[in-house]
Novice: 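One structure coming up, written as structure tokens, with questions to follow.
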Amino acid sequence: MCATCGCSDHDAVTVTALADGHARPAEMPAQHMHDHDHDHDHDNHAHGDHDHAHPHAHNHNRPHHEHEHGHAHQHGTLIALEQEVLARNSQLAERNRGWFEGRNILALNLVSSPGAGKTTLLERTIRDLHDEPVISVIEGDQATFNDAERIGGTGCKVVQINTGAGCHLDADMLARGLKQLAPPLDSVVMIENVGNLVCPALFDLGERAKVVILSVTEGDDKPVKYPHMFRASRLMILNKIDLLPHVSFDVERCIDYARRINPDIEVLQLSATTGEGMNDWYVWLRRQVAVDHVAEATP
């Protein structure tokens, strides 16, 4: 999981506010790229009820000090670290949730595999709704400002978070992005997470709901292949339905798979490119905003 793939390396994360469609320079990710190889032995150390020592070599000419061990370690230390990371993230997510609630801001976490059409969906939504409601965007990508510049082209406030080696946003990154974004009261914050159907399912950001976008150019069995994501999401959007005549994708089977995983998941079918089905998405979105307003008015 993330402690293994390096996502917890916050030194590589940059947060950049885009104003007027132009990106400000961001710091380069901090990586240990100095070149020196050496070998050394570890002292004896314990793994449960046994001790051992093992020599290994490591090359500092790699990001994040990748170590080549003679055998894999999958013991309690790694599990404990992952639990600690998730517990810390949950605390920060609750703080973000309170921050949103105090400002009557609806936050939605858009998740998908790469290329499912999240950015196109956001561009069209922002242009079609004409600030009813006002939408701001947090963009998450490992590198580049490409998607943030597209969103900025709509006139929308947008902040780019580049995660470096990280494969998802976490609650701390979002909090840092929100400071730059400063969304207005009574508005909507769309969080476009890093394209990945695995790790974003595990990290609560403090959002009201996760919205998973699945395009019909992907396999219709994605819900059962990546069940955590579909279990964690409130809404599944089937995007690119204009391409259905040209691809082998069984819509009914996909929806059936999704509801086997999550019986309560709502489903919308649309094409962000042609606009087909987008009104259903706008009705859903405005219903979420209305729920926020009712909750605020209730003593």
Side-chain angles (χ1 to χ4, degrees), residues 1-15 29-32 42-54 56 58 62-101 107-113 138 140 142 161-178 191 193-212 222-234 261-262 264-265:
M1 202 184 68
C2 295
T4 301
C5 73
C7 291
S8 58
D9 184 3
H10 279 206
D11 291 341
V13 174
T14 61
V15 179
Q31 294 181 338
H32 299 288
H42 280 299
D43 293 333
N44 288 356
H45 57 274
H47 286 281
D49 60 354
H50 65 279
D51 296 339
H52 66 218
H54 56 88
H56 73 270
H58 64 205
R62 297 180 181 184
H64 312 300
H65 287 194
E66 294 176 4
H67 288 232
E68 295 177 353
H69 286 257
H71 60 270
H73 292 267
Q74 296 293 337
H75 299 305
T77 301
L78 177 57
I79 294 172
L81 175 59
E82 290 171 356
Q83 290 174 337
E84 182 178 332
V85 168
L86 291 174
R88 172 64 175 161
N89 181 78
S90 294
Q91 292 175 351
L92 295 174
E94 284 304 314
R95 187 179 300 173
N96 289 343
R97 205 178 329 275
W99 192 92
F100 286 129
E101 290 176 358
L108 297 176
N109 185 0
L110 307 187
V111 291
S112 78
S113 55
I138 296 282
Q142 287 194 320
I161 300 177
N162 289 126
T163 60
C167 58
H168 63 90
L169 298 177
D170 66 24
D172 179 61
M173 296 176 200
L174 179 64
R176 292 160 60 186
L178 290 171
I191 305 157
N193 215 315
V194 178
N196 177 4
L197 282 176
V198 183
C199 294
L202 303 175
F203 282 79
D204 180 9
L205 304 182
E207 73 272 9
R208 165 79 74 77
K210 287 182 174 66
V211 176
V212 59
K222 283 285 179 68
V224 288
K225 293 175 73 175
Y226 301 96
H228 297 292
M229 180 60 77
F230 291 84
R231 187 175 296 117
S233 297
R234 182 179 302 179
I261 299 299
N262 179 359
D264 297 324
I265 196 167

Novice: Would you say the side chain of Val111 lies within less than 4.5 Å of the side chain of Met229, judging by non-hydrogen atoms?
Specialist: yes
Novice: Between Ala175 and Asn96, which heavy-atom pair has the shortest distance, and what is it?
Specialist: CB-OD1, 3.5 Å
Novice: For Glu94, enumerate each residue passing the salt bridge (Lys or Arg N to Asp or Glu O under 4.0 Å) test, keeping only those at least two apart in sequence or located in another chain.
Specialist: Arg97
Novice: Show the nearest heavy-atom pair for residues Lys222 and Ser113, with the distance to one decimal.
Specialist: NZ-OG, 4.0 Å
Novice: Under the side chain to side chain donor-acceptor pair (under 3.5 Å) rule, collect the residues that match up with Asp172, sequence neighbours excluded.
Specialist: His10
Novice: Taking all atoms of both residues into account, what is the closest heavy-atom pair of Asn262 and Phe230, and its distance?
Specialist: ND2-O, 3.2 Å
Novice: Kindly compute the distance separating OG (Ser112) from OH (Tyr226), expressed to the nearest 0.5 Å.
Specialist: 12.0 Å
Novice: Suppose we screen for side chain to side chain donor-acceptor pair (under 3.5 Å). Which residues come up paired with Arg176, at least two apart in sequence or across chains?
Specialist: none
Novice: Go through the structure and list residues passing side chain to side chain donor-acceptor pair (under 3.5 Å) with Asn196, not counting sequence neighbours.
Specialist: none
Novice: Could you check whether any side-chain heavy atom of Leu169 comes within less than 4.5 Å of a side-chain heavy atom of Ile191, counting everything from C-beta outward?
Specialist: yes
Novice: Return the minimal non-hydrogen interatomic distance between Gln142 and Val194, and the atom names on each side.
Specialist: CG-CG1, 4.4 Å
Novice: Excluding sequence neighbours, so at least two apart, what forms side-chain contact (heavy atoms from CB on, under 4.5 Å) with Arg231?
Specialist: Pro227, His228, Ile261
Novice: Hey, are Asn109 and Asn193 close enough side-chain-wise for a donor-acceptor pair under 3.5 Å?
Specialist: yes
Novice: Any idea which heavy atoms bring Pro200 and Lys210 closest together, and the distance?
Specialist: O-CE, 3.2 Å
Novice: Any non-hydrogen side-chain atom of Leu174 less than 4.5 Å from a side-chain atom of Trp99?
Specialist: no
Novice: Would you say that Asn162 contacts Val13 through its side chain, given a criterion of any heavy-atom pair below 4.5 Å between the two side chains?
Specialist: no
Novice: Is any side-chain heavy atom of Thr163 closer than 4.5 Å to one of Asp170?
Specialist: no
Novice: Could you pull out the closest heavy-atom pair between Leu92 and Ala171, with the gap in Å?
Specialist: CB-CB, 3.6 Å
Novice: Would you compute the distance between atom CG of Leu205 and atom CG of Leu108 and round it to the nearest 0.5 angstrom?
Specialist: 11.5 Å
Novice: Ser233: what forms a side chain to side chain donor-acceptor pair (under 3.5 Å) with it, not counting sequence neighbours?
Specialist: none
